[in-house]
Amino acid sequence: MSRPLHFELPAWDSQDLAHWDVLTARSAHLERRAGAGPSFEAQVDLARHLIDTRAWNRMRSRFASRLFSRAVIAVWYRDPERARVSMTPEVVKDLAAAQRPSPSPLFLTELAQVFLHYFDHLETWWPQLFTTVTGALHYGVQRAPTPRGRATIGLLQQIRNHPEHLLGRDSPHHVAQQVVALGASLSDWFRDTGLGGYSTGRFGLRVRQAVYLEQIRTADPADPSTFGFLEEALADDVLHAAGTDGLSFGHLLLRALAERPTTRPCDEWMQVIDRIGGDPRFRHTRQWRTWWEPLGEGVQRQVIRWLSLTELELFLDAVEHYGVESGNVQMQRMFPDRSRFLKGLHHNHLIRETHLALGRHAEAAVSRRLGRSGPAFSELTTHHDTAVIIVDCGQFYLVEGSHNFKLGIYADAIPPRLLDHSRGSFTRHDIYERVWQEHDRFHPLRDEARTLLVHKGAWQNRAIRFLVERLGINFDYRLLIDAQTYALLRHDDTGLPVLHSRPLPR
């Protein structure tokens, strides 16, 4: 018995594969140029002339000539403006119908190249153009003879066997799902399907974009090791490339990054968002108008909510560790109740936005803990040891501070100046006395529509009753207090708070 032969073939390195992609692209180019010569170029010039003079009937009358038909397609591929003007659904139908008895593989390949080159732009040119071109390709491929040549086989066989990969409006999404599920690179997919020469143009761009979005969909926002791919997506040419719905791809990335997390994303995820669009709370900047304004308030709110939670934790961190470092036993004793109350507002999805003001010593304490300080901080210039957080909850807002600082809860919308993150500094008067003085001056119910609470005794009970009974805020207040405080709330003289039982007068 003869012994079997075993061949050890060396693996291809990345340079070999890149060279193969170049050869594939060159093969596709040669396919496009097949049959091109003086007579073909003369037909191309004639097609240009007929398009420029709007001689549509004369152009249609020549579609029976396969050479002229391919010349028209060549003009479309080479000149986007002439394609936009002349590539109407009616012209495409007549062109395809004139290929008797059936369209040639070369005709179909070149029409498919035009389709992939412009892809989603076709929908913006003429109604039903996308559907007409894909219909002509799908029908023609089923009738056409078996193609020859690697580039042609790859393209037409993909249309024949997997039309969902190329001919649908959501084809880029289908391809992206397959690429990510296989754990392959996009260049591998184009090469393995024989489409390496067709990875440029709008189709290739939309597939690349779809792969990024699909990778975001499957990444873990809490684990930086799962979204290292985003580094290459932050290149200017990627961010500023046209996306969909009049947005750039950077807008689509921002929206996907904002909407993906269901729980708190890690700092690295938030840093990617910041590198693209900056902080969405800086509303009076060119960067905000460029990136955040087109996405609308819903997307902005989602990111602001995560940023606000970070600021809330920084505030609580500053309060807790200042109490420890200073040996302030009273501050240490009050900290758990303050922390639970503020985090409970967040867990009830009441917090829309925050603004943090730190005295110099308080900011230094935060920096020592985290090794950084954020650009959203404002400086509290008059009280260096104090940290203050301003919290916008939509129907009400509150101002909470460390040390001898009363908790202020105010009905109605927050004054815009308190959320102006471009403001560099505040004094204690700006965010304490001035706040309640202006509120009383402009609110018709004056001090009935706000409360100032000292952090002593049953201050949480008084805060909850004001929110529930006076302002009519419906939320799970058990998240704001511990079990012992809840038991006291249940058994005090008036019982549990009843929604709007003491409403503000109208």
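Bear in mind that the values here come from a model prediction, so they are computed numbers and not experimental data. Position 1 is the first residue of the sequence, and the numbers go up from there.
The existence of a salt bridge linking Arg217 and Glu259 is excluded, since no basic side-chain nitrogen approaches an acidic carboxylate oxygen closer than 4.0 Å. Of the charged side-chain nitrogens involved, none lies within less than 4.0 Å of a carboxylate oxygen, so that Arg78 and Glu110 do not count as a salt-bridged pair. Comment: Glu231 engages Arg275 in a salt bridge, judged by a side-chain N to carboxylate O separation of less than 4.0 angstrom. A salt bridge does not link Asp420 to Arg423: none of the charged nitrogens lies less than 4.0 Å from a carboxylate oxygen. Under a 4.0 Å N-O distance rule, the pair Arg286/Glu293 does not qualify as a salt bridge. A salt bridge does not link Arg169 with Asp120: every distance from a Lys NZ or Arg NE/NH1/NH2 to an Asp or Glu carboxylate oxygen is 4.0 Å or more.
Applying the ring pair (Phe, Tyr, Trp, His ring centres under 6.0 Å) rule to His173 yields no partners; only residues at least two apart in sequence or on another chain are considered. Listed by chain and number, the residues in a salt bridge (Lys or Arg N to Asp or Glu O under 4.0 Å) with Glu353 are Arg283, Arg301 (sequence neighbours excluded). In terms of the salt bridge (Lys or Arg N to Asp or Glu O under 4.0 Å) criterion, residue partners of Asp45 (sequence neighbours excluded) are, by chain and number, Arg48. For Trp126, there are no ring pair (Phe, Tyr, Trp, His ring centres under 6.0 Å) partners two or more places apart in sequence or in a different chain. With sequence neighbours excluded, the residues forming a side chain to side chain contact (heavy atoms under 4.5 Å, CB included) with Ala235 are Asp237, Val238, listed by chain and number. In this structure, the salt bridge (Lys or Arg N to Asp or Glu O under 4.0 Å) partners of Arg352, at least two apart in sequence or on a different chain, are Glu297. Judged as a side chain to side chain contact (heavy atoms under 4.5 Å, CB included), and not counting sequence neighbours, the contacts of Ala241 are Leu205, Gln209. With sequence neighbours left out, the ring pair (Phe, Tyr, Trp, His ring centres under 6.0 Å) criterion links Trp76 to no other residue. Residues passing the side chain to side chain donor-acceptor pair (under 3.5 Å) test with His165 are Gln158, sequence neighbours excluded. Applying the ring pair (Phe, Tyr, Trp, His ring centres under 6.0 Å) criterion to His347, with sequence neighbours excluded, gives no partner residue. Contacts of His439 classified as side chain to side chain contact (heavy atoms under 4.5 Å, CB included), with partners at least two apart in sequence or in another chain: Tyr397, Tyr410, His443, Ala449, Arg450. Contacts of Arg84 classified as salt bridge (Lys or Arg N to Asp or Glu O under 4.0 Å), with partners at least two apart in sequence or in another chain: Glu81.
For the residue pair Gln99 / Ser69, a side-chain donor-acceptor distance below 3.5 Å is found, with atom types taken as modelled. Side-chain contact check for His421 and Ser378: no donor-acceptor pair (N or O, by modelled atom type) lies under 3.5 Å. Side-chain contact, Arg58 with Thr53: no donor N or O sits under 3.5 Å from an acceptor N or O.
Of the possible donor and acceptor atoms, one in the side chain of Thr226 sits under 3.5 Å from a partner among the backbone N and O of Asp223. Distance alone, capped at 3.5 Å, is enough to place a donor-acceptor pair between the Arg260 side chain and the Ile216 backbone. Without hydrogens or angle criteria, Thr218 side chain to Gln215 main chain gives a donor-acceptor distance under 3.5 Å.
Expressed to the nearest 0.5 Å, how far CG of Leu182 lies from CH2 of Trp189 amounts to 11.0 Å.
Between Tyr77 and Tyr118, the distance separating the two ring centers is not shorter than 6.0 angstrom.
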